[in-house]
Amino acid sequence: MITANGLRKTYGATTAVDGISFALAPGKVTGFLGPNGAGKSTTMRMAMGLDRPTAGSITINGKAFAEHRAPLREVGAVLDAGAAHPGWTGRQQLRILAATHDISHARVDEVIEMTGLSSVASKRIKGYSLGMSQRLGIAAALLGDPGVLIFDEPINGLDPEGVRWVRQLVRRLAGQGRTVFISSHLMSEMAQTADHLIVLGRGSIIADQPVGDFIDATGETRVLVRTESSQELMNGLAGPEVTLVCQDAETFEVRGLDARSIGRRALELGLVIHELTPLHSSLEDSYLKLTGDYVEHRSGGLS
Amino acid sequence: MNAHISHATGTAGAAEPEHSAPEVAEVTFSRALRAEWLKLLALRLNWWLCAAAVALLIVTLIATVLSTRFLMADASLTGGDARQTGLNLFENAFSIFTLVTLLMGALAAVAITTEHTSGSIRSSLAAVPNRTVFFFAKLLAVLGFIGALTAVLVVLSFAVLLPLSGFYDVLPELLGPEIWWLVFSSWAVVVITSAIGFGLGALLRSTAGAVVTYCLLLFSGPIALGLLLAVSGGAGWVTELMRFEIFALQRQFIAGTASMSTDLPVPLAGLLLLVWAGAAVVPGWLVFSRRDA
């Protein structure tokens, strides 16, 4: 369980995290979203004791991270793919970490196997690709078999197989009752992985709810209608709160009415409908809509 | 919570072996120390620095062997006794430990700065979050490594110098206090002075910054004070300051007895060297334990 209470971090005049509070429950994957500079990584670093809060606190299983007697058993974290000396081999890096908790070499070999690093474990880390470094970070995080996992952008640099592996791993870890806290900018992945979302904007929490609720709350439901009598049905559905967007001679989209109301209206008009499909907003749509005002570095338009 | 983990595998969809939860012990100072020791052994740069120190010593020993003939001739002209000549032979060879101090100080600085420059500090503190434990475990491991290496260099020096001094019949009494003090003090000076490099590394985080500052402290101190002495027309307070400069303290400590009227007593010189080391290590520790990693 990760609990933040009035957590705040400032760097001079800049406020990176502005008094946020949340509690992450075990058995769930909690996605941590926000534009660049929103304070996600700073929050995770404070959870791991790397940065000191200016005010407030963040605890793991009821204690500040530094107070745990066997921290690798409590928390595993991937905060940066480059958190290892490039001159060591992957196996050396893991054995060094294992030595701090008297973890066996057999367990080191086990996590190497688990993360698919067996063929490169004896190579120096400076020769690793970003994806291999991410896997090494995940291996280190799993070393102590912790109940809490913190992953900051764990799928950066991974190939599609690696992305799917991380997704399955994260789901499995949460399924075992662990608390999983994961940040990513890949909304499609987060939609498939997370149960719950915390969205930061300029250091403050702007959403803290289940993924489904988040999409429903911020997204806009549309309904795709296909009928041979599209013009007649569009006339029958027209109203002040309804938007109709024609796609082709037989297909149009309706905003402002649900599928049940459209079906009922078609029946009243005696029209045959071939398709009536609710179109939900994607997580990306909802996220961009919610965080639009919080983006600090906005891209220019494409020419 | 230490929940049972059924493993994901590197290849999606592959069979997942069952396993029991691994044995995970609490972090102790000795476990942190062992991890730091493994880090030192795993880093190739450290072995290059060791090789450089050994090469430096070998070159010095060759030069000593070649110059011994002239030392003997000089001794016979001045009528010096064989025992004193033998001791001079050892002192000449052991003077190289001043340069070894430079290399070992750089090694100590790199041991801590490389944690920051490589980013490995994040995984290190994830395993040992108590920064005081981490800092002093690393310091002890680094000084232990340097102490062991310096001991090897001392043994190597003996292996060359003993037959040489025997050949010229100037073999000093092997168990004589002067020789043993020379050996111990040379070793101790390397280890204590290296701690200054470690402290500077913790303070500055930058390898270049720490090594340059360390060299400036060791080499520029005497030069700057010499210039100041000339400019001030031999002011007494400058002379006084020069007694407390690192090089002067090293020389006074190794000399064993106060060889000049301005020299400090040997125990005081040793103590002041420790104060120099503390002056770098303590602020380094305070900054390391309070600053964001």
Side-chain angles (χ1 to χ4, degrees), chain A residues 26 45 48-52 61 65-66 68-77 79-80 82-89 92-93 95-97 99-104 106-107 110 113-118 135 137 140 142-148 161 164-165 168-169 172-173 176-178, chain B residues 1-14 16-17 19-28 30-47 114-115 117-134 137 289-293:
Chain A
R45 287 172 58 82
M48 293 302 293
L50 295 173
D51 288 359
R52 288 174 193 283
N61 297 334
F65 178 70
H68 287 288
R69 305 293 299 274
L72 290 185
R73 191 172 56 199
E74 300 291 335
V75 194
L79 295 186
D80 187 341
H85 195 287
W88 299 332
T89 67
Q92 281 173 331
Q93 151 81 356
R95 285 188 175 179
I96 286 166
L97 292 176
T100 60
H101 290 63
D102 210 17
I103 296 170
S104 68
R107 173 62 181 169
E110 201 175 313
E113 176 73 22
M114 196 191 302
T115 49
L117 287 172
S118 301
R135 285 171 182 265
L142 297 175
L143 198 58
D145 199 21
V148 175
E161 187 275 328
R164 188 168 70 169
W165 171 72
Q168 291 172 344
L169 174 71
R172 188 174 295 118
L173 292 168
Q176 292 162 351
R178 300 170 206 260
Chain B
M1 63 167 269
N2 220 14
H4 179 85
I5 179 172
S6 62
H7 293 174
T9 57
T11 309
E16 297 175 15
H19 94 297
S20 56
E23 292 288 323
V24 180
E26 292 183 351
V27 177
T28 60
S30 62
R31 289 189 180 118
L33 179 63
R34 182 161 169 263
E36 291 307 319
W37 184 257
L38 289 176
K39 280 183 193 174
L40 290 167
L41 297 183
L43 205 54
R44 218 180 255 180
L45 174 65
N46 290 341
W47 295 109
T114 195
E115 289 273 2
T117 54
S118 71
S120 58
I121 189 70
R122 291 187 282 280
S123 56
S124 296
L125 291 178
V128 186
N130 184 322
R131 296 191 185 196
T132 297
V133 169
F134 175 80
S289 44
R290 282 163 175 71
R291 193 161 49 185
D292 289 344

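A, B, ... follow the sequence lines: proteins, then strands. Residue 1 opens every chain. These values consider heavy atoms only, across backbone and side chains, with no hydrogens, waters or symmetry-generated copies.
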Taking B:Arg122 for the side chain and A:Ala83 for the main chain, is one N or O donor matched with an acceptor at less than 3.5 Å? no

So which heavy atom on A:Pro71 is nearest to which on B:Ala127, and how close? CG-O, 3.4 Å

Under the salt bridge (Lys or Arg N to Asp or Glu O under 4.0 Å) test, which residues partner B:Arg31, sequence neighbours left out? A:Asp102

Shorter than 4.5 Å, heavy atoms on both sides: which option in B:Glu36, B:Arg34, B:Arg44 has the most such pairs with chain A? B:Arg44

Hey, is CZ on B:Arg291 packed in by over 12 heavy atoms from elsewhere, all under 6.0 Å? yes

Can you see which heavy atom on B:Ala35 is nearest to which on A:Thr100, and at what distance? CB-CG2, 3.5 Å

Is it true that a side-chain atom of B:Asp292 and a backbone atom of A:Arg52 form a donor plus acceptor pair closer than 3.5 Å? yes

Test side chain to side chain contact (heavy atoms under 4.5 Å, CB included) on B:Glu23 and A:Arg107 and set out the steps. CA-CA 9 Å; B:Glu23 292 288 323; A:Arg107 173 62 181 169; over 6 Å; no

Work out which heavy atom in A:Leu72 is nearest to a heavy atom in B:Ala126; give both atom names and the distance. CD2-O, 3.9 Å

Answer with side chain, backbone, both or neither: which region of A:Arg45 has an atom nearer than 4.5 Å to a non-hydrogen atom of chain B? side chain

Heavy-atom pairs under 4.5 Å with chain A, option from B:Ser124, B:Ser120, B:Ser30 with the top count: B:Ser120

Counting heavy-atom pairs under 4.5 Å with chain A, which one of B:Thr114, B:Thr117, B:Leu125 comes out on top? B:Thr114

Which answer fits A:Ala140, side chain, backbone, both or neither, if we ask what part of it has an atom under 4.5 Å from a heavy atom of chain B? neither

Value for NE2 (A:His85) from CD1 (B:Ile121), rounded to nearest 0.5 Å, stands at 12.0 Å

Rounding to 0.5 Å, atoms CD (A:Gln93) and CG (B:Leu38) come to a distance of 11.5 Å

With the side chain counted from C-beta on, respond yes when A:Arg69 and B:Val27 share a heavy-atom pair under 4.5 Å apart, and no when they do not. no

